[in-house]
Amino acid sequence: MESKVSEGGLNVTLTIRLLMHGKEVGSIIGKKGETVKKMREESGARINISEGNCPERIVTITGPTDAIFKAFAMIAYKFEEDIINCMSNSPATSKPPVTLRLVVPASQCGSLIGKGGSKIKEIRESTGAQVQVAGDMLPNSTERAVTISGTPDAIIQCVKQICVVMLESPPKGATIPYRPKPASTPVIFAGGQAYTIQGQYAIPHPDQLTKLHQLAMQQTPFPPLGQTNPAFPGLDASPPASTHELTIPNDLIGCIIGRQGTKINEIRQMSGAQIKIANATEGSSERQITITGTPANISLAQYLINARLTSEVTGMGAL
């Protein structure tokens with residue numbers, strides 16, 4: 001959340017980030033984008049929705065405070081309408097509350113909670129909304145999720161109070177924003193081509209994955225991903241784990257690790273392999289990297305490490 005205050009101190013522009021599931025985003029966008037267009041026009045707020053095939057998306061609302069509150073009201077009432085529509089088709093009798101998740105810099109969460117939880121208690125009691133501040137930061141960020149639930153009116157009052165706290169206590173230091181990870185859609189390799197499963201269809205995947213698969217197939221024999229052994233139902237068909245060691249020059253190890261370990265964590269997640277980097281030893285100009293996993297995991301990890309090294313050496317380190 002950022003704030004710009006003009007000389008008169010009246011025109012306060014805020015940016016509020018919301019975390020939403022795909023279904024919620026679909027509801028906000030509406031048919032051919034009509035709902036979000038109407039929200040933008042009627043509230044006067046800028047409403048941006050993050051791109052990407054992710055199970056979660058970030059909705060950013062920017063504008064003067066009154067425009068933001070109007071946009072929030074429209075979103076809260078839209079979600080309530082969705083709940084009512086769902087209930088008409090279900091046997092449930094009690095109406096669940098509307099729930100919104102804000103994404104707030106961790107450095108501001110202390111002010112929001114207050115001494116001994118006094119501020120958050122005051123907000124709960126005065127608005128009637130439930131407010132929960134997550135204990136942990138969202139992955140690879142310095143932001144936390146703040147979940148608000150209740151009636152649309154309670155949510156709007158609650159957001160107003162949270163905005164006041166945020167304006168009084170700006171974030172300290174740099175904020176690393178949370179970026180949702182793309183959905184890990186199943187990948188199947190057939191006839192040397194990679195396909196992702198979307199709904200009921202297999203869609204050819206970008207070239208990188210196909211090349212990666214071909215590269216991995218050349219290096220080590222393993223069954224294509226997404227295939228199990230039908231002859232032994234119930235048995236795990238994945239090959240046994242093995243270990244592979246690499247040595248990397250000290251001056252290139254930084255590009256593999258990345259800032260605060262972001263790159264090595266990405267490689268671990270994408271490859272599914274365990275990767276350990278040995279500590280620097282005195283007098284040695286190289287570091288040992290140990291990769292453990294199935295042959296497929298190891299090949300993928302090696303490929304990703306090599307790609308990082310290549311981009312660094314060719315001056316494309318931003319990749």
Quick check against the 3.5 Å criterion: does Arg308 have a side-chain atom that pairs as donor or acceptor with the backbone of Ile256? no

One should read off an interatomic distance between Phe79 CZ and Ile84 CD1, to the nearest 0.5 angstrom, of 14.0 Å

Might you point out which heavy atoms bring Ala76 and Ile155 nearest each other, and give the distance in Å? CB-CG2, 4.5 Å

If I compare all heavy atoms of Ser242 with all of Ile298, which pair ends up nearest, and what's the gap? O-CD1, 3.3 Å

For residues Leu167 and Leu112: do they belong to one hydrophobic cluster (side chain heavy atoms under 4.5 Å, members Ile, Leu, Val, Met, Phe, Trp, Tyr)? yes

Among the clusters formed by ILVMFWY side chains lying less than 4.5 Å apart, do Ile305 and Leu252 turn up in the same one? yes

Residue pair Gln161 / Ser126, side-chain donor-acceptor N/O under 3.5 Å: yes

For the residue pair Arg179 and Asn140, establish whether any side-chain heavy-atom pair is separated by less than 4.5 Å. no

May I ask you to test the Val104-Arg144 pair for a side-chain heavy-atom distance under 4.5 Å? no

Answer yes or no: is there a side-chain heavy-atom contact under 4.5 Å between Val131 and Val146? yes

What pair of heavy atoms forms the shortest contact from Ile264 to Ile277, and how long is it? CD1-CD1, 4.0 Å

Work out which heavy atom in Tyr178 is nearest to a heavy atom in Pro139; give both atom names and the distance. CD1-O, 3.4 Å

Indicate if Met74 and Ile156 have the same hydrophobic cluster label, given that clusters are the connected sets of ILVMFWY residues with side-chain heavy-atom separations under 4.5 angstrom. no

Are Leu102 and Ile176 joined in one hydrophobic group, where the rule is that I, L, V, M, F, W and Y side chains link up if heavy atoms are under 4.5 Å apart? no

Atom pair CD1 (Ile61) and CZ (Phe72), whose distance is rounded to the nearest 0.5 Å: 4.5 Å

Is there a side-chain contact between Ile253 and Ile289 (heavy atoms, below 4.5 Å)? yes

Report yes if some heavy atom in the side chain of Pro177 is under 4.5 Å from a heavy atom in the side chain of Arg17; otherwise report no. yes

Heavy-atom closest pair, residues Ile291 and Ala301: CG2-CB, 3.8 Å

What is the minimum heavy-atom distance between Gln108 and Met166, and which atoms define it? NE2-O, 3.3 Å

Please check: side-chain N/O of Arg57 versus main-chain N/O of Met20, any donor-acceptor pairing under 3.5 Å? no

Criterion side chain to side chain contact (heavy atoms under 4.5 Å, CB included) on Glu42 and Lys70, from CA distance to verdict: CA-CA 8 Å; Glu42 291 188 13; Lys70 275 185 204 159; over 6 Å; no

To the nearest 0.5 angstrom, please state how far the CD atom of Glu143 sits from the CG atom of Leu19. 9.5 Å

Decide salt bridge (charged side-chain N to carboxylate O under 4.0 Å, His left out) for Lys37 and Glu34; before the verdict, give the C-alpha distance in whole Å, the side-chain angles of both, and the deciding distance to 0.1 Å. CA-CA 5 Å; Lys37 187 177 174 224; Glu34 282 165 13; over 6 Å; no

Please examine the side chains of Thr35 and Ser27, heavy atoms only from C-beta on, and report whether any two atoms are closer than 4.5 Å. no

Salt bridge or not between Glu56 and Arg101? Use side-chain N to carboxylate O under 4.0 Å. yes

Point-to-point distance, once rounded to the nearest 0.5 Å, from CD1 of Ile75 to CG of Leu18: 5.5 Å

Considering only heavy atoms from C-beta outward, does the side chain of Ile28 approach that of Glu24 to under 4.5 Å? no

Looking at side-chain heavy atoms only, is the closest gap between Ile148 and Thr127 below 4.5 Å? no

Please round to the nearest 0.5 Å and tell me the distance separating atom NZ of Lys119 and atom OG of Ser169. 9.5 Å

Any chain of hydrophobic side-chain contacts (each under 4.5 Å) joining Ile257 to Tyr303? yes

Do Thr262 and Asn265 get their side chains close enough for a donor-acceptor pair, meaning under 3.5 Å? no

Give a yes or no on this: more than 12 heavy atoms of other residues, nucleotides or ligands lie within 6.0 Å of atom CZ of Arg268. yes

Ile16 CD1 to Phe69 CZ distance, which is reported to the nearest 0.5 Å: 6.5 Å

Thr99 (side chain) donor-acceptor with Ser149 (main chain) under 3.5 angstrom: no

